[in-house]
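Inspection log for the structure reproduced underneath, given as structure tokens.
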Amino acid sequence: MEAPSFAYSASSSSLLSLRKTPLSSPRLHRFGNTKHKNFSIRASSSGDSVVTLLDYGAGNVRSVRNAIRFLGFEIKDVQTPQDILNARQLVFPGVGAFAAAMEVLSKTGMDEALCSYIEKDRPFLGICLGLQLLFESSEENGPVKGLGLIPGTVGRFDSSNGFRVPHIGWNALQITKDSGILDDVGNHHVYFVHSYRAMPSDDNNEWISSTCDYGDKFIASIRRGNVHAVQFHPEKSGDVGLSILRRFLNPKSNMTKKPGEGKALKLAKRVIACLDVRANDNGDLVVTKGDQYDVREHTKENEVRNLGKPVDLAGQYYKDGADEVSFLNITGFRDFPLGDLPMLQVLRYTSENVFVPLTVGGGIRDFTDSTGRYYSSLEVASEYFRSGADKISIGSDAVYAAEEYLRTGVKTGKTSLEQISRVYGNQAVVVSIDPRRVYVKDPNDVQLKTVRVSNPGPNGEEYAWYQCTVNGGREGRQIGAYELAKAVEELGAGEILLNCIDCDGQGKGFDVDLIKLISDAVSIPVIASSGAGAPAHFSEVFNKTNASAALAAGIFHRKEVPIQSVKEHLLKEGIEVRI
């Protein structure tokens, strides 16, 4: 595992310092094939193949490293400001909060070196925060001064117009001038995940190479001479993103593999493949799938349902067109998650060949191990991010945090949700809600938010509230999904994964009543989950609710419905998808 070249102060006590080398591989057969695929263009073995990477130690830059290596280039990490000045090509994949990044750059002298390098028109590619830091200032926890190379202030998206913040997903670019590295983008979607953006103006117009529409038109990329920066994530944008990186790293290469034609017009609805991962009775990690959260076969042996190896399946879903891949470590709530080293290896090896966003959940919380060593939830999340996760999903711990917040009205800043979102940004934090229906005859019978259900209860009840659960659905809590969703949004969640225990594994469609209730209540993106059995279920949930994405597991694992069939159906229904 690569160590950051200089530590990020907010996480300097994290597990990054505990494990510097890759884990041994005797158990690799237990979760899939890890061989690299050969790409059509490889860099030469000369000095031209070395790329300098500025990694200040926050968030997941493993994906950028993997993409660069996948394209055949070697990486030199920045250790000193002089390394920046000596770079032949410099990639800056900024992750996390603007103020924290500027603090690290300033304290280490990297800020002056960066400015000098860019002002001399040296080859530079900034990614996400690596673009924002080029501007004069940011409103994020600010105002905070930036590098001041491009006129303008980075501001937050306006959610008052109905657009969900963070801006998460695959959106279209409007290319405004010859950009070189964007030549193969055409009408394809690229992947964005951010809450702040820079706006075009007369003062910065000469820098702009593309824009994107999301409520307002914001700057998606800049170019001046050899200096490039993009707000989106090429390392998470599939083949299109790899072509962007390749054009920057080797601008003189002849492309032998180009993305096909796209039809991108606006933000696409996402189709997500979910892999529930756990150890079977032999200790091997397998992908399984529950029936209302029961993952055991109803046989004499009562074995764990085995639907494949996680790394192999994730790679296949990437090839099939999944917009994201989500791993849920469904035994993580029982044990110390970092004690499950193979799960971290799953992330590491998956991220070597899968260039779409990866989410991981299960057991992300404060923990004291058997030796008395205390690990904060921030340390646990940091290890997941450094292993290849782009987002982490919090379940039970978010329920406890919301309960306490609703009881006291106080944000302590100490909950896992608050800590992780403060350091990595709320766009990196998903809250997974696992409710089940509780039917009532009269909405006044409970103090929690109820909804009129489309299908009456067993005794003709017309209303229900959705009781949240913890510990893998095993324990009900006296908090509703509506109340939980509102609370976690305030505490720093950037996205909600909305399951429904009643629908899980039934194949009869998503719980539209639940998803509409929650997606109408919050201003952050909502992912619909549980119950998909046919392509029509995806169009139904997108047409009847404000869900930003829909997730499925069993129908993909059992090959009942291919991902491409879902997307073709959505396209025919007039719903924007990434092709």
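- In terms of heavy atoms, Leu378 sits closest to Tyr424 at CD1-CE1, 3.7 Å.
- With 3.5 Å as the limit, one finds no donor-acceptor pair spanning the side chains of Glu495 and Gln427.
- Here CG of Leu484 is found 7.5 Å from CD1 of Ile496. Values are rounded to the nearest 0.5 Å.
- No side-chain heavy atom of Val430 sits less than 4.5 Å from a side-chain heavy atom of Ile392.
- Between Asp390 and Val193, the closest side-chain pair of non-hydrogen atoms is not below 4.5 Å.
- Put simply, the side chain of Glu119 reaches to within 4.5 Å of the side chain of Leu149, judged on heavy atoms.
- Within the model, atoms CG of Asp184 and CD1 of Ile244 stand 8.5 Å from one another, a figure rounded to the nearest 0.5 Å.
- For the residue pair Ser326/Thr359, the side-chain donor-acceptor check at 3.5 Å is not satisfied.
- Looking only at side-chain heavy atoms (C-beta outward), Ile208 and Arg223 stay at 4.5 Å or farther from each other.
- For the pair Thr415 (side chain) and Glu418 (backbone), a donor-acceptor distance under 3.5 Å is present.
- Residues Tyr214 and Phe157 bring their aromatic ring centres within 6.0 Å.
- For Phe98 and Tyr196, the gap between ring centers reaches or exceeds 6.0 Å.
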### Task
Could you walk me through whether His228 and Leu125 pass side chain to side chain contact (heavy atoms under 4.5 Å, CB included), step by step?
CA-CA 5 Å; His228 302 265; Leu125 176 62; 4.0 Å; yes
### Task
Output, in order, the C-alpha distance, side-chain angles, deciding distance and verdict of side chain to side chain contact (heavy atoms under 4.5 Å, CB included) for Val154 and Leu131.
CA-CA 10 Å; Val154 177; Leu131 175 143; over 6 Å; no
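- Within a 6.0 Å radius of NZ in Lys269, other residues, nucleotides and ligands contribute more than 12 heavy atoms.
- For the atom pair CD1 of Ile272 and CD1 of Ile527, the computed distance is 4.0 Å after rounding to the nearest 0.5 Å.
- Distance check: Leu134 CG to Ile219 CD1 gives 10.5 Å after rounding to the nearest 0.5 Å.
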### Verdict with supporting geometry, Asp213 and Lys266, side chain to side chain contact (heavy atoms under 4.5 Å, CB included)
CA-CA 7 Å; Asp213 287 325; Lys266 58 183 180 180; over 6 Å; no
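- Thr108 places a side-chain N or O within donor-acceptor distance of the main-chain N or O of Leu105, the cut-off being under 3.5 Å.
- Ring pair Phe232/Phe192: centre-to-centre distance below 6.0 Å.
- Remark: side-chain polar atoms of Asp158 are not paired, donor with acceptor, to backbone N or O of Phe163 under 3.5 angstrom.
- Between Gln132 and Gln231, some side-chain heavy-atom pair lies under the 4.5 Å cut-off.
- One N or O on the side chain of Gln419 and one on the backbone of Lys414 form a donor-acceptor pair closer than 3.5 Å.
- Put simply, the side chain of Arg122 gets close to the backbone of Leu85: a donor and an acceptor are under 3.5 Å apart.
- With respect to Asp216 and Arg197, a salt bridge is recorded, a charged nitrogen being found less than 4.0 Å from a carboxylate O.
- Proximity of a side-chain donor or acceptor of Asp83 to a complementary backbone N or O of Thr80 within less than 3.5 Å is detected.
- Using modelled atom types and a 3.5 Å distance limit, the side chains of Ser351 and Ser63 yield no donor-acceptor pair.
- The two residues Ala67 and Leu245 come nearest to each other via the heavy atoms CB-CD1, 3.6 Å.
- Between Glu103 and Lys107 there is a salt bridge, with a side-chain nitrogen of the basic residue lying less than 4.0 Å from a carboxylate oxygen of the acidic one.
- Put simply, OG1 on Thr52 and CD on Gln79 are 11.0 Å apart, with the number rounded to the nearest 0.5 Å.
- Although no hydrogens or angles enter the test, the distance criterion places no donor-acceptor pair under 3.5 Å between the side chain of Arg246 and the main chain of Leu71.
- By the 6.0 Å contact criterion, CD on Glu136 is enclosed, its count of non-hydrogen atoms from other residues, nucleotides or ligands being greater than 12.
- Shown here is Asp202, whose CG atom has no more than 12 heavy atoms of other residues, nucleotides or ligands within 6.0 Å.
- Closest of all the heavy-atom pairs between Ile524 and Gly494 is CB-O, 3.6 Å.
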### Task
Give the C-alpha distance, both sets of side-chain angles, the deciding distance and a yes or no for side chain to side chain contact (heavy atoms under 4.5 Å, CB included) between Leu406 and Lys486.
CA-CA 10 Å; Leu406 291 174; Lys486 299 284 282 185; over 6 Å; no
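- Side chain of Lys567 to main chain of Arg578: a donor-acceptor pair is present (N/O by atom type, distance under 3.5 Å, no hydrogens or angles).
- Across all their heavy atoms, His189 and Ala172 have their closest contact at CD2-N, 4.1 Å.
- For the residue pair Ser539 and His569, a side-chain donor N or O sits within less than 3.5 Å of a side-chain acceptor on the partner.
- Using modelled atom types, one side-chain atom of Ser519 and one backbone atom of Asn546 make a donor-acceptor pair closer than 3.5 Å.
- Heavy atoms only, all atoms of each residue included: Val429 and Gly492 are closest at CB-O, 4.4 Å.
- Looking at Glu206 and Arg224, a side-chain N of the basic residue comes within less than 4.0 Å of a carboxylate O on the acidic one, giving a salt bridge.
- Enclosure of atom NZ in Lys177 by more than 12 non-hydrogen atoms of other residues, nucleotides or ligands within 6.0 angstrom is indicated.
- Without hydrogens or angle criteria, Asn226 side chain to Asp121 main chain gives a donor-acceptor distance under 3.5 Å.
- The shortest side-chain heavy-atom distance between Glu540 and Val512 falls under the 4.5 Å cut-off.
- The CG atom of Asn426 sits 12.0 Å away from the NE2 atom of His194 when rounded to the nearest 0.5 Å.
- Here the closest heavy-atom approach between residue Arg164 and residue Ser548 is recorded as CD-OG, 3.8 Å.
- Here the side chains of Phe538 and Glu573 are not in contact, with every heavy-atom distance at 4.5 Å or above.
- At a cut-off of 3.5 Å, with distance as the only test, no side-chain donor of Asp397 or Ser377 sits close to an acceptor on the other residue.
- With no hydrogens or angles considered, no side-chain donor-acceptor pair links Ser201 and Asp203 at under 3.5 Å.
- For the pair Phe73 and Asn250, the minimum side-chain heavy-atom distance is below 4.5 Å.
- Here Arg348 pairs with Glu383 in a salt bridge; the nearest charged N to carboxylate O distance falls below 4.0 Å.
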